[in-house]
Novice: 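Sharing a structure here in structure tokens format.
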Protein chains: 2
Amino acid sequence: MVSQRGEGETTTTPAEAADKERARAIPEAAVARLAVYLRVLSGMAESGVTAVSSEELSQAAGVNAAKLRKDLSYIGSYGTRGVGYDVEVLVSHIERILGLTRNHSVAVVGIGNLGHALANYGGFPGRGFPVTALFDVDADLVGIPVGGIPVNHIDEITEVCLEREVSIGVIATPPPAAQSVCDRLVSAGVQCILNFAPVVLQVPDNVEVRKVDLAVEMQILSFHVARRADEAASVSVGNNGLGVDGMVIRP
Amino acid sequence: MVSQRGEGETTTTPAEAADKERARAIPEAAVARLAVYLRVLSGMAESGVTAVSSEELSQAAGVNAAKLRKDLSYIGSYGTRGVGYDVEVLVSHIERILGLTRNHSVAVVGIGNLGHALANYGGFPGRGFPVTALFDVDADLVGIPVGGIPVNHIDEITEVCLEREVSIGVIATPPPAAQSVCDRLVSAGVQCILNFAPVVLQVPDNVEVRKVDLAVEMQILSFHVARRADEAASVSVGNNGLGVDGMVIRP
DNA sequence: TACCGCTTGTGAACGCATGCACAAAGTCGG
DNA sequence: CCGACTTTGTGCATGCGTTCACAAGCGGTA
């Protein structure tokens with residue numbers, strides 16, 4: 001890493017400028033873990049813990065200690081050798097890296113069971129994600145507030161999103177509507193989308209999509225159930241020559 | 001791959017036995033994609049499509065064609081060179097690999113907003129995952145059916161799970177309750193858990209946990225919003241020497 | 001001040017996953 | 001029956017992510 005940076009002649013602080021430089025280089029997988037560390041650290045801060053070692057923190061976050069240190073090294077070195085990390089410092093630093101210093105306005109599209117649940121979270125867990133707009137096609141739902149936010153008709157999506165500066169769109173519609181909703185969000189300037197519909201969305205390169213697919217999650221678990229069942233069977237039956245010839249079964 | 005297998009002297013068919021052998025070797029990432037392919041293929045089958053090439057399927061699934069072929073090769077070669085894949089054959093084969101030939105009984109714990117949404121899906125999307133039990137601590141909820149399934153008190157979790165042969169447990173409780181619920185599910189013999197609570201669960205090695213963490217998803221998106229904002233700023237401002245020195249910004 | 005023990009930060013090795021490129025294998029038309 | 005064309009299946013190289021192992025650095029102590 002060269003990490004060479006010039007004279008911070010911008011409106012941002014030098015520290016922030018340095019952050020931005022690093023931000024490019026953080027692996028996607030590490031970003032996801034940083035969010036987890038942040039939650040654990042916040043919990044510790046509330047409990048009055050002021051310092052933590054990589055070993056403790058990694059255990060609480062369920063990862064390898066070396067990996068945790070490497071993840072933290074991506075965002076700069078803020079630990080003290082021989083001591084550990086200052087919880088407060090780490091929390092605010094991760095928050096800055098993850099962009100949690102600003103609020104991100106969220107719009108939820110599709111006020112069915114899931115949409116209701118999302119709207120009722122009332123500002124997403126962990127804060128900083130106020131839900132500012134709800135949309136649905138069903139005219140009967142329009143106007144009635146859910147979780148304190150009124151529902152707009154989906155045709156108003158562009159105006160409302162622009163007006164309320166929505167930066168994250170959440171798609172909780174039935175599958176057939178998802179792509180159309182996605183397109184409308186994109187044309188309303190939304191560049192980040194969280195998709196709950198079991199559909200592969202087609203988007204331009206400049207839009208970031210993350211998907212949460214319950215069916216896929218269930219099927220992955222199903223795969224493991226089946227695998228376990230098979231292993232158990234081939235152990236308990238044991239009257240065949242199958243599954244041997246040097247196969248290693250994890251203990 | 002050696003793929004040498006003996007005389008299938010079991011109750012299962014030779015084809016199934018062969019599947020089980022392969023199942024061990026499938027990379028986790030590929031399993032997730034197989035579930036996606038399955039959904040796309042099911043849609044095609046309903047539309048009357050009978051054959052598909054790796055190119056078409058990969059595009060519909062949003063992945064590289066070579067990767068798709070490699071994924072399919074993990075589960076055995078069922079395509080015809082020069083032609084492509086038979087949709088029906090592929091569907092039933094992936095279903096077998098993912099263990100979807102059996103039903104997997106699902107229990108949902110925590111009947112809040114999210115729990116309601118999950119219960120009301122009424123058998124999970126894609127089928128094969130009947131929700132057979134609901135649990136909550138709140139005595140007021142007990143007995144009242146949600147989505148046609150009565151709610152049991154959480155203290156009954158062990159008996160009910162054993163009785164109804166629950167193979168997948170879904171945790172939709174508030175964070176503080178999650179670990180306790182998880183422990184009870186495990187002691188009721190549940191080996192696969194889908195966790196919606198923002199908590200790192202501690203489980204024995206023989207239990208498979210997958211987590212869906214909305215806060216983390218939002219924060220990853222937030223990170224990308226921030227990154228975009230920075231890039232836009234450094235382009236539009238352009239009065240500093242930052243962010244240059246050979247840095248490649250993706251087009 | 002000099003030493004000792006502890007913890008960070010990171011270079012280097014390893015392993016997994018992705019993508020390329022091509023041979024093998026099949027179909028279709030003549 | 002043969003040759004041209006199409007598409008699969010896979011060996012190989014590349015890149016990313018994880019893990020190991022250790023030097024560098026810091027606080028505490030005599």
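Chain naming here is simple, since letters A, B, ... match the order of the sequence lines and numbering starts at 1 in each.
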Novice: Taking only residues two or more places apart in sequence or in another chain, which ones pass side chain to side chain contact (heavy atoms under 4.5 Å, CB included) with A/E55?
Specialist: A/S53, A/S58, A/Q59, A/A65
Novice: Applying side chain to side chain contact (heavy atoms under 4.5 Å, CB included), can you list everything that pairs with B/R81, at least two apart in sequence or on another chain?
Specialist: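 B/R81: no side chain to side chain contact (heavy atoms under 4.5 Å, CB included) contacts found.
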Novice: Donor-acceptor pairs under 3.5 Å, side chain of residues 171-183 of chain B to any protein atom, not counting sequence neighbours: which ones?
Specialist:
unit_1, atom_1, unit_2, atom_2, d
B/Q179, OE1, B/Q202, N, 2.9
B/Q179, NE2, B/D183, OD1, 2.9
B/Q179, NE2, B/Q202, O, 3.1

Novice: When you match A/E28 and B/S53 each to their closest nucleotide on DNA chain D, which lands nearer the 5' end?
Specialist: B/S53
Novice: For the pair A/R39 (side chain) and B/P198 (backbone), establish whether a donor and an acceptor sit closer than 3.5 Å, ignoring hydrogens and angles.
Specialist: yes
Novice: What orientation do A/F129 and A/H104 show, parallel under 30°, tilted 30 to 60°, or perpendicular over 60°?
Specialist: parallel
Novice: Summarise how protein sits on nucleotides 18-24 of chain C as a single string, 5' to 3': B when a protein heavy atom is under 4.0 Å from the base, S for sugar-phosphate-only contact, - for no contact.
Specialist: SBBB--B
Novice: Quick one: does A/R228's side chain have a donor or acceptor within less than 3.5 Å of a partner on B/N206's backbone?
Specialist: yes
Novice: Closer than 4.0 Å, any side-chain N/O of A/Y85 to the OP1 or OP2 of C/dG9?
Specialist: yes
Novice: For A/D86 and C/dT8, give me the distance from atom CG to atom C1', rounded to whole Å.
Specialist: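 It works out to 15 Å between those atoms.
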Novice: Testing the basics here: between B/V87 and B/A45, what is the closest heavy-atom pair and its distance to 0.1 Å?
Specialist: CG1-CB, 3.9 Å
Novice: B/K67: what forms a side chain to side chain contact (heavy atoms under 4.5 Å, CB included) with it, not counting sequence neighbours?
Specialist: B/R33, B/V63, B/N64, B/D71
Novice: Mind listing the N/O atom pairs, protein and nucleotides 1-4 of chain D, below 3.5 Å?
Specialist:
none

